[in-house]
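For reference, the structure is listed below as C-alpha coordinates.
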Amino acid sequence: MTSRQEKAIETKQRILRTALDLFSEKGFDGVSVDEIVRKSETSKGAFYGHFASKYDIFLEKIKEIDQFYRDFQESLPEILPAEQKIRKLAIAQMKYLQDELGRDGIRSLYAYALTPSVDNYLSDTERPLYAILEQLVLEGQEKGELTSSASSGRLALLLSRSMRGTLYDWAIFNGGFDLAGEIDSWLELLFSGLRVKK
(Lines give C-alpha, C1' and ligand atoms only; values in the text may rest on other atoms or scores of the structure.)
Protein backbone atom coordinates (compact mmCIF):
# COMPACT_ATOMS: atom_id res chain seq x y z
CA MET A 1 0.00 0.00 0.00
CA THR A 2 1.34 3.42 -0.91
CA SER A 3 1.64 6.22 1.64
CA ARG A 4 -1.15 8.05 -0.20
CA GLN A 5 -3.47 5.04 0.17
CA GLU A 6 -2.56 4.75 3.85
CA LYS A 7 -3.33 8.44 4.35
CA ALA A 8 -6.69 8.04 2.60
CA ILE A 9 -7.62 5.14 4.90
CA GLU A 10 -6.51 7.13 7.94
CA THR A 11 -8.61 10.13 6.82
CA LYS A 12 -11.67 7.96 6.22
CA GLN A 13 -11.32 6.40 9.69
CA ARG A 14 -10.90 9.83 11.30
CA ILE A 15 -14.07 11.10 9.60
CA LEU A 16 -15.94 7.93 10.60
CA ARG A 17 -14.85 8.07 14.26
CA THR A 18 -15.56 11.80 14.53
CA ALA A 19 -19.01 11.47 12.98
CA LEU A 20 -19.99 8.54 15.21
CA ASP A 21 -18.84 10.46 18.30
CA LEU A 22 -20.87 13.48 17.21
CA PHE A 23 -23.94 11.35 16.47
CA SER A 24 -23.67 9.84 19.95
CA GLU A 25 -23.32 13.27 21.54
CA LYS A 26 -25.91 15.26 19.55
CA GLY A 27 -28.06 12.70 17.77
CA PHE A 28 -27.99 11.98 14.06
CA ASP A 29 -30.18 14.92 13.03
CA GLY A 30 -28.21 17.35 15.19
CA VAL A 31 -24.99 16.90 13.23
CA SER A 32 -24.13 18.44 9.86
CA VAL A 33 -21.51 17.42 7.34
CA ASP A 34 -19.84 20.80 7.95
CA GLU A 35 -19.46 20.01 11.63
CA ILE A 36 -18.05 16.54 10.90
CA VAL A 37 -15.52 18.09 8.51
CA ARG A 38 -14.55 20.80 11.01
CA LYS A 39 -14.18 18.43 13.99
CA SER A 40 -12.29 15.81 11.99
CA GLU A 41 -9.97 18.50 10.60
CA THR A 42 -10.55 17.35 7.05
CA SER A 43 -12.21 18.94 4.02
CA LYS A 44 -15.58 18.56 2.34
CA GLY A 45 -13.73 17.11 -0.63
CA ALA A 46 -12.22 14.43 1.64
CA PHE A 47 -15.62 13.74 3.23
CA TYR A 48 -17.40 13.34 -0.10
CA GLY A 49 -14.47 11.37 -1.48
CA HIS A 50 -15.26 8.68 1.10
CA PHE A 51 -18.96 9.09 1.86
CA ALA A 52 -21.89 10.13 -0.33
CA SER A 53 -23.71 11.53 2.72
CA LYS A 54 -23.70 11.32 6.49
CA TYR A 55 -26.07 8.35 6.14
CA ASP A 56 -23.24 6.40 4.55
CA ILE A 57 -21.26 6.71 7.78
CA PHE A 58 -23.73 4.45 9.56
CA LEU A 59 -23.71 2.08 6.61
CA GLU A 60 -19.92 1.86 6.90
CA LYS A 61 -20.18 1.11 10.62
CA ILE A 62 -22.86 -1.52 10.00
CA LYS A 63 -20.51 -3.23 7.52
CA GLU A 64 -17.84 -3.35 10.25
CA ILE A 65 -20.42 -4.90 12.59
CA ASP A 66 -21.35 -7.44 9.91
CA GLN A 67 -17.69 -8.43 9.63
CA PHE A 68 -17.66 -8.96 13.40
CA TYR A 69 -20.58 -11.41 13.01
CA ARG A 70 -18.76 -13.34 10.28
CA ASP A 71 -15.54 -13.53 12.30
CA PHE A 72 -17.40 -14.59 15.43
CA GLN A 73 -19.28 -17.34 13.61
CA GLU A 74 -15.99 -18.75 12.33
CA SER A 75 -14.63 -18.82 15.89
CA LEU A 76 -17.48 -20.99 17.24
CA PRO A 77 -16.54 -24.61 17.95
CA GLU A 78 -18.30 -26.91 15.47
CA ILE A 79 -19.30 -29.37 18.21
CA LEU A 80 -21.51 -26.87 20.07
CA PRO A 81 -25.27 -27.36 19.74
CA ALA A 82 -26.97 -24.75 17.53
CA GLU A 83 -28.73 -23.15 20.50
CA GLN A 84 -25.40 -22.53 22.24
CA LYS A 85 -23.90 -21.04 19.09
CA ILE A 86 -26.85 -18.65 18.73
CA ARG A 87 -26.73 -17.64 22.38
CA LYS A 88 -22.99 -17.04 22.25
CA LEU A 89 -23.45 -14.93 19.10
CA ALA A 90 -26.21 -12.87 20.74
CA ILE A 91 -24.15 -12.27 23.90
CA ALA A 92 -21.11 -11.31 21.82
CA GLN A 93 -23.29 -8.95 19.77
CA MET A 94 -24.53 -7.19 22.90
CA LYS A 95 -21.03 -6.77 24.33
CA TYR A 96 -19.60 -5.61 21.00
CA LEU A 97 -22.32 -3.03 20.33
CA GLN A 98 -22.27 -1.79 23.91
CA ASP A 99 -18.50 -1.21 23.63
CA GLU A 100 -18.44 0.03 20.03
CA LEU A 101 -21.54 2.25 19.94
CA GLY A 102 -22.74 2.69 23.51
CA ARG A 103 -26.27 3.74 24.42
CA ASP A 104 -26.21 6.99 22.46
CA GLY A 105 -24.71 5.31 19.42
CA ILE A 106 -27.43 2.65 19.48
CA ARG A 107 -30.06 5.37 19.82
CA SER A 108 -28.57 7.25 16.87
CA LEU A 109 -28.38 4.07 14.81
CA TYR A 110 -32.08 3.41 15.33
CA ALA A 111 -32.93 7.05 14.57
CA TYR A 112 -30.97 6.70 11.34
CA ALA A 113 -32.77 3.45 10.47
CA LEU A 114 -36.14 5.16 10.94
CA THR A 115 -35.29 8.04 8.60
CA PRO A 116 -37.82 7.78 5.72
CA SER A 117 -35.35 8.68 2.96
CA VAL A 118 -32.86 5.98 3.96
CA ASP A 119 -32.71 2.53 2.37
CA ASN A 120 -32.89 0.57 5.61
CA TYR A 121 -29.98 -1.84 5.50
CA LEU A 122 -30.76 -2.99 9.06
CA SER A 123 -33.92 -4.74 7.87
CA ASP A 124 -32.23 -6.41 4.89
CA THR A 125 -32.61 -10.16 5.41
CA GLU A 126 -29.59 -10.71 3.17
CA ARG A 127 -27.34 -9.19 5.85
CA PRO A 128 -24.81 -11.54 7.47
CA LEU A 129 -26.61 -11.55 10.84
CA TYR A 130 -29.81 -12.96 9.31
CA ALA A 131 -27.92 -15.43 7.15
CA ILE A 132 -25.84 -16.67 10.09
CA LEU A 133 -28.89 -17.04 12.33
CA GLU A 134 -30.79 -18.90 9.62
CA GLN A 135 -27.86 -21.22 9.01
CA LEU A 136 -27.54 -21.97 12.73
CA VAL A 137 -31.29 -22.57 13.16
CA LEU A 138 -31.30 -24.87 10.13
CA GLU A 139 -28.32 -26.75 11.58
CA GLY A 140 -30.26 -27.20 14.84
CA GLN A 141 -33.36 -28.38 12.97
CA GLU A 142 -31.41 -30.86 10.86
CA LYS A 143 -29.71 -32.29 13.97
CA GLY A 144 -33.06 -32.64 15.73
CA GLU A 145 -32.19 -30.05 18.38
CA LEU A 146 -34.72 -27.37 17.39
CA THR A 147 -38.32 -27.58 16.29
CA SER A 148 -39.19 -27.58 12.62
CA SER A 149 -42.68 -26.21 13.29
CA ALA A 150 -41.54 -22.95 11.68
CA SER A 151 -39.04 -22.42 8.88
CA SER A 152 -35.43 -21.62 9.66
CA GLY A 153 -35.94 -18.22 8.00
CA ARG A 154 -38.93 -17.40 10.21
CA LEU A 155 -37.11 -18.43 13.39
CA ALA A 156 -34.00 -16.45 12.36
CA LEU A 157 -36.16 -13.37 11.86
CA LEU A 158 -37.74 -13.80 15.32
CA LEU A 159 -34.30 -14.23 16.90
CA SER A 160 -32.96 -11.11 15.20
CA ARG A 161 -36.02 -9.16 16.36
CA SER A 162 -35.36 -10.34 19.91
CA MET A 163 -31.77 -9.15 19.68
CA ARG A 164 -32.72 -5.81 18.13
CA GLY A 165 -35.53 -5.31 20.65
CA THR A 166 -33.19 -5.94 23.57
CA LEU A 167 -30.75 -3.34 22.21
CA TYR A 168 -33.56 -0.85 21.68
CA ASP A 169 -34.91 -1.40 25.20
CA TRP A 170 -31.44 -0.99 26.67
CA ALA A 171 -31.08 2.34 24.85
CA ILE A 172 -34.47 3.70 25.99
CA PHE A 173 -33.85 2.52 29.57
CA ASN A 174 -30.58 4.52 29.56
CA GLY A 175 -28.41 1.40 29.70
CA GLY A 176 -30.03 0.49 33.02
CA PHE A 177 -29.62 -3.29 32.79
CA ASP A 178 -27.01 -5.89 31.91
CA LEU A 179 -27.34 -6.19 28.15
CA ALA A 180 -25.59 -9.56 27.77
CA GLY A 181 -27.41 -11.06 30.76
CA GLU A 182 -30.77 -9.82 29.50
CA ILE A 183 -30.42 -11.35 26.02
CA ASP A 184 -29.22 -14.64 27.49
CA SER A 185 -32.18 -14.79 29.90
CA TRP A 186 -34.61 -13.99 27.10
CA LEU A 187 -33.09 -16.57 24.74
CA GLU A 188 -33.28 -19.21 27.49
CA LEU A 189 -37.03 -18.61 27.63
CA LEU A 190 -37.37 -18.51 23.86
CA PHE A 191 -35.39 -21.71 23.31
CA SER A 192 -37.42 -23.55 25.95
CA GLY A 193 -40.23 -23.42 23.39
CA LEU A 194 -38.02 -24.22 20.40
CA ARG A 195 -36.11 -27.22 21.74
CA VAL A 196 -37.20 -30.63 20.56
CA LYS A 197 -38.49 -32.51 23.61
CA LYS A 198 -36.65 -35.77 24.17
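As the structure is a computational prediction, the values presented were derived from the model and not from experiment. Note that the numbering runs from 1 along the sequence shown for the chain.
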Salt bridge (charged side-chain N to carboxylate O under 4.0 Å, His left out) between Lys143 and Glu139, intermediate numbers included:
CA-CA 6 Å; Lys143 290 181 177 178; Glu139 175 186 314; 3.7 Å; yes
Would Ile65 and Leu97 count as a side chain to side chain contact (heavy atoms under 4.5 Å, CB included) here? Give the steps.
CA-CA 8 Å; Ile65 294 167; Leu97 293 177; 3.5 Å; yes
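Residues Ile62 and Ile15 are members of one and the same hydrophobic cluster, defined by side-chain heavy-atom contacts under 4.5 angstrom among Ile, Leu, Val, Met, Phe, Trp and Tyr.
Glu145 places a side-chain N or O within donor-acceptor distance of the main-chain N or O of Ala82, the cut-off being under 3.5 Å. At distances below 3.5 Å, at least one donor-acceptor pair connects side-chain atoms of Gln5 with backbone N or O atoms of Thr2. With hydrogens and angles disregarded, no donor-acceptor distance shorter than 3.5 Å links the side chain of Asn174 to the backbone of Gly176. Under the 3.5 Å distance criterion, the side-chain polar atoms of Asp56 are left unmatched by any main-chain donor or acceptor of Leu59. Remark: the backbone N or O of Thr147 is paired with a side-chain donor or acceptor of Gln141 at under 3.5 angstrom.
In this structure Tyr168 satisfies the ring pair (Phe, Tyr, Trp, His ring centres under 6.0 Å) test together with Tyr110, sequence neighbours excluded. In this structure, the salt bridge (Lys or Arg N to Asp or Glu O under 4.0 Å) partners of Glu188, at least two apart in sequence or on a different chain, are Arg87, Arg195.
At most 12 non-hydrogen atoms from other residues, nucleotides or ligands lie less than 6.0 angstrom from CD of Glu41. Atom CZ of Phe177 sits in a crowded spot, with more than 12 heavy atoms from other residues, nucleotides or ligands closer than 6.0 Å.
A salt bridge links Glu10 with Arg14; the closest basic N to acidic carboxylate O contact falls under 4.0 Å. Salt-bridge formation is not detected for the pair Glu60/Lys63: no Lys NZ or Arg NE/NH1/NH2 atom is positioned less than 4.0 Å from an Asp or Glu carboxylate oxygen.
Applying salt bridge (charged side-chain N to carboxylate O under 4.0 Å, His left out) to Asp34 and the options Lys54, Lys39, Lys44 leaves one that passes, Lys44. For the side chain to side chain contact (heavy atoms under 4.5 Å, CB included) test with Ile91, the passing option among Lys88, Gln93, Lys95 is Lys95; the others fail.
Side-chain polar atoms of Gln73 and Arg70 form no donor-acceptor pair below 3.5 angstrom.
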